[in-house]
Amino acid sequence: YAIMIEEMFEVPVTSAYIVYCRGGNELIKLDITESMKNDIAEVIGEYSKVLDGYYPKATKDKSKCLDCCYRNICIS
């Protein structure tokens, strides 16, 4: 949301708030860092590649396949 707000409204976003509704409406302030924004931008880029048809290379360690989201469509 921070990145989207920065792009849409052309303002810097340095913090966010989380409200725990089931915890007595406890309000927590979260500092948003450039590192956080860079990390999520990288993840979004990786998701975009998958949506465009990219599939990662198969691993040699087949035990990792048990928890892989690609296991049903893997071509290896």
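No hydrogens, no waters, no symmetry mates; every other heavy atom, side chains included, goes into these values. What you see is a predicted model; the values in this text were computed from it and never measured.
- Using a 4.5 Å heavy-atom cutoff, the side chains of Ile40 and Ile44 are in contact.
- Linking Ile, Leu, Val, Met, Phe, Trp and Tyr whenever their side-chain heavy atoms come within less than 4.5 Å puts Val13 and Met4 in one cluster.
- A continuous path of ILVMFWY side-chain contacts below 4.5 Å connects Val11 to Met8, so both sit in one hydrophobic cluster.
- Listed by first and then second residue, the side chain to side chain donor-acceptor pair (under 3.5 Å) pairs that reach into residues 41-50 come to none, sequence neighbours excluded.
- Within the 4.5 Å cutoff, the side chain of Glu34 has no heavy atoms near those of the Asp39 side chain.
- Closest approach of Ile32 to Ala2, counting heavy atoms only: CG2-CB, 4.0 Å.
- Scanning for side-chain contact (heavy atoms from CB on, under 4.5 Å) contacts around Asp52 gives an empty result, with sequence neighbours left out.
- Pairs engaging residues 6-31 under the salt bridge (charged side-chain N to carboxylate O under 4.0 Å, His left out) rule: Glu6-Lys37 [sequence neighbours left out].
- At a threshold of 4.5 Å between non-hydrogen side-chain atoms, the residues Tyr20 and Ile28 count as touching.
- There is a path of hydrophobic side-chain contacts, each under 4.5 Å, that joins Phe9 to Tyr1.
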